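See below for the structure under consideration.
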Protein chains: 2
Amino acid sequence: MARWEPDASGRLTRAALELYAEHGYEQTTVADIAERAGVTERTYFRYFADKREVLFDASGALQELVVSAIASAPLTLSPIETIGVAMENAASLLQERREFARQRASVIATNPSLQERELLKLALLGAAAAEALRARGVREAAAALAAETGVMVFKIGFEKWVAEEESGDFPQHIRDALDDLRLLTAVT
Amino acid sequence: MARWEPDASGRLTRAALELYAEHGYEQTTVADIAERAGVTERTYFRYFADKREVLFDASGALQELVVSAIASAPLTLSPIETIGVAMENAASLLQERREFARQRASVIATNPSLQERELLKLALLGAAAAEALRARGVREAAAALAAETGVMVFKIGFEKWVAEEESGDFPQHIRDALDDLRLLTAVT
DNA sequence: GCTCTTGATGTCAGTTACTGTCATCAGCGT
DNA sequence: ACGCTGATGACAGTAACTGACATCAAGAGC
């Protein structure tokens, strides 16, 4: 524990990601994480609600980014275009932490209960995005549908981006997915 | 406990739904459920993997229905049309158990960890649907996107259907959502 | 310099979800 | 009758999580 990372929250996050990656999520106990971070188990639960939440600390910031991107988008954009721009912003943020995002994703991929939490966070992101669209005057049905569509292309774009060997362009994957969707839903 | 429901699995499901609805999910212990069903706690875990799974017993049947609907759909249908038909089939199945579905949904709505499990089951449904589309020759990108779109309209349609006072038409809600999506994504 | 407060942490006891292991017991074929 | 098998009970154990209280360091005000 040390000068280079003085706050307990950061040390816990780092310790958890390391241990989950090294020994597996199920094989790691909260006591293990707390010990590596130099605190007690009880303190862990003062920072994070449960054993999984330590991997999802950043989801709040992502959600705020999406909401403010929607709020500040030009009103000339359609709901889908608005949500597309917002999701591209979110993608750019993740892209800045590519290695962290990849390692985190690989841990989550190994455990269904972590996947559940990820899905819940995405659902909350969608709900917040829908709310932000409504605040712009988008009617209820369109807001929910556009927001869920945004989450969907974000998810699919993310999977493509993470799977790449070389560091590709995450926002571009989102644009691609939206274009594919337009083709799929186009009336023939 | 009695002749009308001789198998332990059915009694456990019934007991769990009752207790979750009456006293809340968190206030109910697995021991409570087992006791009402006339078995021990250990036996509960022989039938269901965890405390939540008892509410998701039917998800396997739903998934099989969707997969077989995709497999048996006319090859003239587009991927989106195929997935739409499959989801309408799933909706019809749920509609036959409307009261059960509504009560179950209201319990799930009260608890985030139950929502997580529901989201996971929907994700698994989407993955199975994508696989079924690929088996029809749909290329990877389109299969994933179409399957996720199907799950999305199913989810949105379900929320609308459950929210209704009178018993509406669930499959129709799915068609409506897909139509709305076509309008949203249409290039202007 | 000295309290006094406040926020963060440690300690400890307790509940409950979940698992492994073995004993029991009823039904069923031979 | 005998043994086999599948379902269940009984029991011990681990680990996630919570509530209550003690401690302790740092800063505010005097």
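Only a predicted model underlies this, so the values are computations on that prediction, with no experimental measurement involved. Note that these values count all heavy atoms, side chains included, but never hydrogens, waters or copies made by symmetry. Letters go in sequence order (proteins before strands), and every chain restarts at 1.
Regarding E26(A), its CD atom lies at a distance of 18 Å from the P atom of dT14(D), rounded to whole Å. Between the CG atom of D32(B) and the C1' atom of dA17(C) there is a distance of 13 Å, rounded to whole Å. If you measure from atom CZ of F45(B) to atom P of dA15(D), you get 17 Å, rounded to the nearest angstrom. Going from atom CD1 of I33(B) over to atom C1' of dT16(C) covers 12 Å, rounded to whole Å. Between the C1' atom of dA16(D) and the CG atom of L19(A) lies a distance of 16 Å, rounded to the nearest Å. The CD-C1' distance, from E35(B) to dT8(D), rounds to 17 Å in whole Å. Taking atom CG of residue D50(A) and atom P of nucleotide dT18(D), one finds them 8 Å apart after rounding to whole Å. Between the CG atom of L12(A) and the P atom of dA16(D) there is a distance of 14 Å, given to the nearest Å.
Rounding to the nearest 0.5 angstrom, the gap separating the CZ atom in R98(A) from the CD atom in E164(A) is 6.5 Å. Note that OG of S167(B) and CD of Q95(B) are 7.0 Å apart. Values are rounded to the nearest 0.5 Å. Atom OG1 of T149(A) sits about 7.0 Å away from atom CD1 of I156(B), to the nearest 0.5 Å. Interatomic distance, R182(A) CZ to L184(A) CG, rounded to the nearest 0.5 Å: 12.0 Å.
A heavy atom lying under 4.0 Å from DNA chain C marks none of the residues of residues 51-60 of chain A. Within residues 107-117 of chain A, no residue has a heavy atom under 4.0 Å from DNA chain D.
Heavy-atom neighbours of R97(A) CZ from other residues, nucleotides or ligands within 6.0 Å: at or below the threshold of 12.
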Distance-only donor-acceptor pairs under 3.5 Å for side chains of residues 119-134 of chain B, two or more places apart:
unit_1, atom_1, unit_2, atom_2, d
K121(B), NZ, E53(B), OE2, 2.8
E131(B), OE1, R134(B), NH1, 2.7
R134(B), NE, E140(B), OE1, 2.6

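We find that K155(A) and E118(A) are not joined by a salt bridge, their nearest charged nitrogen and carboxylate oxygen being 4.0 Å or further apart. Checked for salt-bridge contact, K160(B) and D176(B) miss the test: no charged N lies under 4.0 Å from a carboxylate O.
Contact annotation: the side chain of T43(B) approaches that of T40(B) to within less than 4.5 Å [non-hydrogen atoms, C-beta and beyond]. By the 4.5 Å heavy-atom criterion applied to side chains, M152(A) and L181(A) are counted as neighbours.
Residue D180(A) comes nearest to A141(B) through the heavy atom pair OD2-CB, 4.3 Å, listed as atom of the first residue, atom of the second, then distance.
Nucleic acid contact class of T28(B) (heavy atoms, under 4.0 Å, all strands): sugar-phosphate only.
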List every contact pair, protein side and nucleotides 8-10 of chain C side both N or O, where the distance is under 3.5 Å.
unit_1, atom_1, unit_2, atom_2, d
dT9(C), OP1, Y47(A), OH, 3.3
dT9(C), OP2, Y47(A), OH, 2.7
dG10(C), OP2, T40(A), N, 3.0
dG10(C), OP2, T40(A), OG1, 2.8
dG10(C), OP2, T43(A), OG1, 2.5
dG10(C), N7, R46(A), NH1, 3.2
dG10(C), O6, R46(A), NH2, 2.5

Using the 3.5 Å cut-off, write out each protein N or O paired with an N or O of nucleotides 4-6 of chain D and the distance between them.
none

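Residue Y47(A) is found in a hydrophobic cluster whose other members, listed by chain and number, are L12(A), L17(A), L19(A), Y20(A), Y25(A), V30(A), I33(A), V39(A), Y44(A), F45(A), F48(A), V54(A), L55(A), F56(A), F100(A), V107(A), I108(A), L114(A); membership requires side-chain heavy atoms under 4.5 Å apart, directly or through intermediates.
For the residue pair N89(A) and S92(A), no side-chain donor N or O sits within less than 3.5 Å of a side-chain acceptor on the partner.
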(Q) Please determine whether side-chain contact (heavy atoms from CB on, under 4.5 Å) holds for the pair V153(A) and H173(A), giving the CA-CA distance in whole Å, both sets of side-chain angles, and the decisive distance to 0.1 Å. (A) CA-CA 8 Å; V153(A) 296; H173(A) 283 309; over 6 Å; no
